[in-house]
Amino acid sequence: FSPSEGTPHLTINHDVAADLDSSNAFEGPEKLLEVWFASSPGTLPTSAGPEGLKSVDNDTWVSMLDMVHCKILSVIKSDAVDAYLLSE
Amino acid sequence: SSMFVFPHKIILKTCGTTTLLLGLQRLLRIAATAGFPFCKASAAKDLRAAAIPYRVFYSRKNFLFPDKQQGPHRSWKQEVKYLDDTFEGGSAYMVGKMNGDHWYLYITSPNKTITPPLTPESDDSVSVADSTASGVRHANDETLEILMTDLDPECAKQFQLSHASAVASDWLSAEAHEARHEAVSSHGGLATPLAEVDVFDNFCDKPMDESAQDVSTEGHALGTVVSESCGLSKIYPTSVYPGARVDAFLFSPCGFSANGVIPASQPDHGEELGPMHYFTVHVTPEPGFSYASFETNVPGGQRGRTTAEIIEHVVEIFRPGRFSVTLFEAKSGANPYGRGNENPAMQRLVDSVQGYRRIDRIVHDFEDYDLVFRFYERE
């Protein structure tokens with residue numbers, strides 16, 4: 001199986017995902033935060049480059065997610081959006 | 001929990017006792033580092049090089065156990081204060097019955113001070129956005145959210161590890177193997193067939209075929225099984241949405257999360273070119289506080305599946321005792337509907353859902369978005 005260029009592909013963070021235990025999770029209702037830094041992908045500032053937030057590496061997101069108490073289980077990377085599946 | 005990172009925005013949806021808003025300041029600093037406009041250091045508010053957002057949305061359903069929450073998440077009042085201390089021009093709303101299953105929203109107005117020079121590559125894509133008094137906004141910006149409580153016990157059982165393991169065993173039997181292969185083939189591998197799941201430690205970005213392994217974690221493997229068996233993988237099948245991909249995880253002893261990415265319409269289909277879309281599903285199946293959420297920004301009607309069909313499909317998977325449907329949709333112009341015409345979001349949400357009685361129907365007309373909220377109970 002070899003995906004063509006541009007095909008979304010999956011990366012699994014095996015270290016976290018292998019031994020996860022949700023016994024202490026107690027309810028589902030989520031909090032949803034959506035922060036826009038430009039009105040569209042087509043209006044990014046020159047200083048952000050065409051990739052914008054997508055240029056931020058995983059380790060940097062990990063530092064932010066630590067404060068949220070989430071860990072990355074896996075990621076689907078694609079040209080337009082990166083979808084992170086998180087713990088808890 | 002899930003996070004979606006686009007070039008221009010980030011969506012973070014977190015469950016349980018996570019402290020979502022405590023990551024906000026770090027997020028703003030990361031965005032500043034990534035090159036987005038930022039404000040100067042402010043010792044009082046600790047806003048060192050924090051990027052200035054174009055706009056912010058924060059929403060949540062009322063919590064079942066607010067006392068167990070941490071940080072500013074114990075009450076809506078505290079969350080609003082935290083957001084007001086961080087952003088200017090925010091507005092907070094409660095949608096739905098105060099003594100029932102209500103929903104909260106915090107929204108800021110578009111920041112018109114952000115008028116960055118465009119990157120050369122971006123000039124063309126501006127033509128598909130539509131300019132309004134509020135600024136430039138991409139067309140087809142809509143989000144559908146279905147929040148379901150009191151799930152049917154038989155449906156909820158599917159998201160228990162013990163049940164999913166039994167299903168997986170059946171699938172791996174000789175007879176079922178062929179059926180599974182056929183099912184996966186017919187869906188174009190939407191839910192990531194087990195043999196195509198690869199494991200890359202430390203997020204190394206190798207092409208899949210360089211270090212492919214045919215084993216995933218148990219959580220991912222069973223998540224894939226559950227996606228297929230419960231019908232989730234058929235919501236956006238690759239036969240209709242080519243290139244769609246799902247990443248699912250079944251927690252131990254129970255609980256389920258899935259993300260999906262759906263490529264936008266192709267120009268040669270005669271449809272408007274748009275960004276990659278997403279959907280996400282989270283399930284807490286425990287009796288007494290069972291809950292499931294479904295969220296997507298795939299435009300309703302794109303390639304044939306209407307918003308009403310999506311709602312029916314999702315509700316059928318969980319058969320909740322109660323659920324709310326929220327459609328948040330950007331207006332497409334200063335006077336988009338014409339005098340006397342109902343807005344598209346309202347037209348798209350049909351009233352009736354088989355087997356359910358509609359209790360509430362609430363419409364919010366924001367500056368540049370419409371919000372339609374509906375609440376249903378099982379008949």
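Computed from a prediction, not measured in an experiment: that's the story for all the values here. Heavy-atom basis, side chains included; hydrogens, waters and symmetry copies ignored. Chain letters run A, B, ... following the sequence lines, proteins first and then strands; every chain starts at 1.
Contact detail for B:Phe4 and A:Ala83: the closest heavy-atom pair is CE2-CB, 3.5 Å. Considering every non-hydrogen atom in both A:Val81 and B:Val261, the closest pair reads CG1-CG1, 4.0 Å. The shortest heavy-atom contact between A:Gly52 and B:Ala34 is O-CB, 4.4 Å.
Put simply, the side chain of A:Pro41 does not reach to within 4.5 Å of the side chain of B:Phe6, judged on heavy atoms. Proximity of A:Leu85 to B:Ser2: side-chain heavy atoms (C-beta onward) are separated by under 4.5 Å at one or more points.
With rounding to the nearest 0.5 Å, the separation of CE in B:Met3 from SG in A:Cys70 is 9.0 Å. With rounding to the nearest 0.5 angstrom, the OG atom of A:Ser87 is 6.5 Å from the CZ atom of B:Phe251. A distance of 7.5 Å separates OG of A:Ser74 from CG of B:Asn259, quoted to the nearest 0.5 Å. Distance CD/B:Gln70 to NE2/A:His69: 6.0 Å, rounded to 0.5 Å. We find the NZ-OG distance between B:Lys9 and A:Ser40 to be 10.0 Å, quoted to the nearest 0.5 Å. The distance from the CG atom of A:Leu53 to the CG atom of B:Leu27 is 7.5 Å, given to the nearest 0.5 Å.
A perpendicular orientation is assigned to the rings of A:Trp36 and B:His8, their planes being inclined by more than 60° (bins at 30° and 60°).
Of the atoms belonging to B:Ile52, it is backbone heavy atoms, and not side-chain ones, that fall under 4.5 Å from chain A. Contacts of A:Val56 with chain B are made by side-chain atoms alone, with heavy-atom separations under 4.5 Å and no backbone atom involved. For B:Ala248, the part lying near chain A is the backbone, with the side chain staying farther off; criterion is any non-hydrogen pair under 4.5 Å.
The greatest number of non-hydrogen atom pairs below 4.5 Å with chain B, out of A:Met64, A:Glu34, A:Glu51, A:Lys54, is found for A:Glu34. With respect to chain A, the highest number of heavy-atom pairs below 4.5 Å among B:Phe36, B:Tyr104, B:Tyr278 belongs to B:Phe36. Interface check for chain A: of the options B:Thr18, B:Thr108, B:Leu21, B:Thr143, the most heavy-atom pairs under 4.5 Å are formed by B:Thr18. In terms of non-hydrogen atom pairs under 4.5 Å with chain A, the most contact-rich of B:Ser59, B:Gly255, B:Cys254, B:Ala31 is B:Ser59. Of the listed residues (B:Val5, B:Ile11, B:Leu161, B:Val56), the greatest number of heavy-atom pairs within a distance under 4.5 Å of chain A belongs to B:Val5.
B:Thr19 places a side-chain N or O within donor-acceptor distance of the main-chain N or O of A:Met67, the cut-off being under 3.5 Å. Checked by atom type and distance alone, the side chain of B:Asp247 never pairs as donor or acceptor with a backbone atom of A:Tyr84 at under 3.5 Å. Judged by distance alone, the side chain of A:Lys31 and the main-chain N or O of B:Gly16 form a donor-acceptor pair under 3.5 Å.
Take B:Arg26 and apply the salt bridge (Lys or Arg N to Asp or Glu O under 4.0 Å) test, not counting sequence neighbours, and it matches no residue. Residues satisfying the side-chain hydrogen bond (donor to acceptor under 3.5 Å, both in side chains) test with B:Ser252, not counting sequence neighbours, are none.
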